[in-house]
Q: 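Input: one structure, supplied below.
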Amino acid sequence: MSDPVLTQVDDHVALITVNDPERRNAVTAEISAALRAAVDAAEANPDVHALIVTGAGKAFCAGADLTALGDATETGLRGIYDGFLAVANCALPTIAAVNGAAVGAGLNLALAADIRIAGPAALFDPRFQKLGIHPGGGATWMLQRAVGPQTARASLLFGMRFDAEAAVRYGLALEVADDPVAAARALAAGPAAAPRDVVIATKASMRATANPGVVDTEQHRIAVDTELGPQATSITSPEFAKRLAAAKRK
């Protein structure tokens with residue numbers, strides 16, 4: 001069985017790839033734990049100055065595995081969140097090279113990065129409400145931070161999705177690139193060429209000055225805690241039970 005997450009380090013940049021293309025890189029507890037381990041290893045490696053995350057195959061990440069989600073308690077939900085929270089809390093500059101669909105928890109993984117670069121086939125789709133579940137993992141906070149309250153509400157409450165061009169138009173992605181990983185590598189050349197301690201200190205300062213008096217990782221933690229109870233309740237709903245039963249029949 002292939003590794004659920006792959007890591008390659010070149011020129012002071014770690015490329016982390018979620019590697020389950022047959023299942024469109026859907027997040028399981030195993031993938032989440034492997035993603036956490038890969039991010040922690042990159043952060044601990046003095047040769048790594050920046051981090052890129054992408055997905056193998058045609059999808060970036062098609063959300064949380066519905067079976068894993070349906071079996072989750074609040075503790076289990078935190079386990080599913082842990083991989084993208086590792087990206088969100090990473091001290092290094094992070095880029096999501098969004099090569100295809102980023103759905104639900106996959107959208108959270110993209111939002112967790114400092115920068116998003118969209119491939120032509122990228123699709124940013126929350127899909128929580130359509131599945132009959134409450135957003136989790138700090139999605140409400142991350143999306144409002146990325147695109148502003150009105151657009152975030154259009155997405156989370158009214159089902160608005162973003163293709164690559166719309167993602168750039170609304171500020172969700174920095175640019176569209178035919179090869180988003182190559183574009184991410186080009187962007188990461190900046191921190192790769194700079195002193196690592198300066199890079200890390202600059203990101204820390206930006207976190208602290210985005211909303212002076214509150215570090216953004218603390219805001220994210222509060223958002224995760226706020227969403228956790230409603231999401232745990234929602235996965236016991238009849239609507240989600242139907243989705244889960246259909247997923248288990250596949």
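Only a predicted model underlies this, so the values are computations on that prediction, with no experimental measurement involved. Hydrogens, waters and symmetry mates play no part in the numbers below; they use all other heavy atoms, side chains included.
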Q: Is there side-chain contact between Ile117 and Leu187, with at least one heavy-atom pair below 4.5 Å?
A: yes
Q: For atom CZ of Arg153, decide whether the heavy atoms of other residues, nucleotides or ligands shown that lie under 6.0 angstrom number more than 12.
A: no
Q: Would a 4.5 Å heavy-atom cut-off, applied to side chains only, mark Asn19 and Pro4 as touching?
A: no
Q: Can you tell me if CZ on Arg185 sees more than 12 non-hydrogen neighbours from other groups inside 6.0 Å?
A: yes
Q: For Asp114, which residues count as a salt bridge (charged side-chain N to carboxylate O under 4.0 Å, His left out) partner, sequence neighbours excluded?
A: Lys203
Q: Please say yes or no: joined through hydrophobic side-chain contacts below 4.5 Å, possibly via intermediate residues, are Leu77 and Val224 part of one cluster?
A: yes
Q: Take atom CG in Asp11; do more than 12 heavy atoms of anything else shown fall under 6.0 Å from it?
A: no
Q: Taking side chain as C-beta onward, heavy atoms only, is Arg196 less than 4.5 Å from Leu92?
A: yes
Q: Side chains of Ile16 and Val39: closer than 4.5 Å at any heavy-atom pair?
A: yes
Q: Side chain to side chain donor-acceptor pair (under 3.5 Å), that's the test. Do Tyr81 and Glu227 meet it? Break it down for me.
A: CA-CA 12 Å; Tyr81 304 159; Glu227 295 169 358; 5.8 Å; no
Q: Please check if Leu174 and Leu15 belong to a single hydrophobic cluster, counting links between Ile, Leu, Val, Met, Phe, Trp and Tyr side chain heavy atoms closer than 4.5 Å.
A: yes
Q: Closest heavy-atom contact between Ala38 and Thr7?
A: CB-OG1, 3.6 Å
Q: Honestly curious: do Ile95 and Val87 fall in one hydrophobic cluster under the side-chain, below-4.5 Å linking rule?
A: no
Q: Hey, does the side chain of Thr236 reach the backbone of Thr233 with a donor-acceptor pair shorter than 3.5 angstrom?
A: yes
Q: Side chains of Leu107 and Asp125: closer than 4.5 Å at any heavy-atom pair?
A: no
Q: Please evaluate residues Asn45 and Glu43 with respect to the criterion side chain to side chain donor-acceptor pair (under 3.5 Å), reporting the C-alpha separation (whole Å), side-chain torsions for both, the decisive distance (0.1 Å), and the verdict.
A: CA-CA 6 Å; Asn45 184 346; Glu43 199 170 21; over 6 Å; no
Q: Do Ile200 and His49 come within less than 4.5 Å of each other through their side chains, counting heavy atoms only?
A: no
Q: Is there a path from Val98 to Ile52 through hydrophobic residues (I, L, V, M, F, W, Y) whose side chains come within less than 4.5 Å of each other?
A: no
Q: So, for Ala96 and Phe60, which heavy atoms are closest and what is the spacing to 0.1 Å?
A: CB-CZ, 4.1 Å
Q: More than 12 heavy atoms of other residues, nucleotides or ligands under 6.0 Å from CG of Asp197: yes or no?
A: yes
Q: Apply the test salt bridge (charged side-chain N to carboxylate O under 4.0 Å, His left out) to residues Arg78 and Asp82: give CA-CA distance (whole Å), side-chain angles for both, the deciding distance (0.1 Å), then the verdict.
A: CA-CA 6 Å; Arg78 288 189 185 275; Asp82 196 51; over 6 Å; no
Q: Near Glu165 CD, under 6.0 Å, is it more than 12 heavy atoms from other residues, nucleotides or ligands?
A: no
Q: Does any part of the side chain of Arg116, heavy atoms only, come nearer than 4.5 Å to the side chain of Phe124, both counted from C-beta?
A: yes
Q: Give a yes or no on this: more than 12 heavy atoms of other residues, nucleotides or ligands lie within 6.0 Å of atom CZ of Arg221.
A: yes
Q: Heavy-atom count check: over 12 atoms from other residues, nucleotides or ligands less than 6.0 Å from Glu22 CD?
A: no
Q: Are any non-hydrogen side-chain atoms of Asp20 and Thr28 less than 4.5 angstrom apart?
A: no
Q: Mind listing the closest non-hydrogen atom pair of Leu109 and Phe84 along with its distance?
A: CA-CB, 3.6 Å
Q: Which heavy atom in Gly55 sits nearest to a heavy atom in Asn99, and how many Å separate them?
A: O-ND2, 3.0 Å
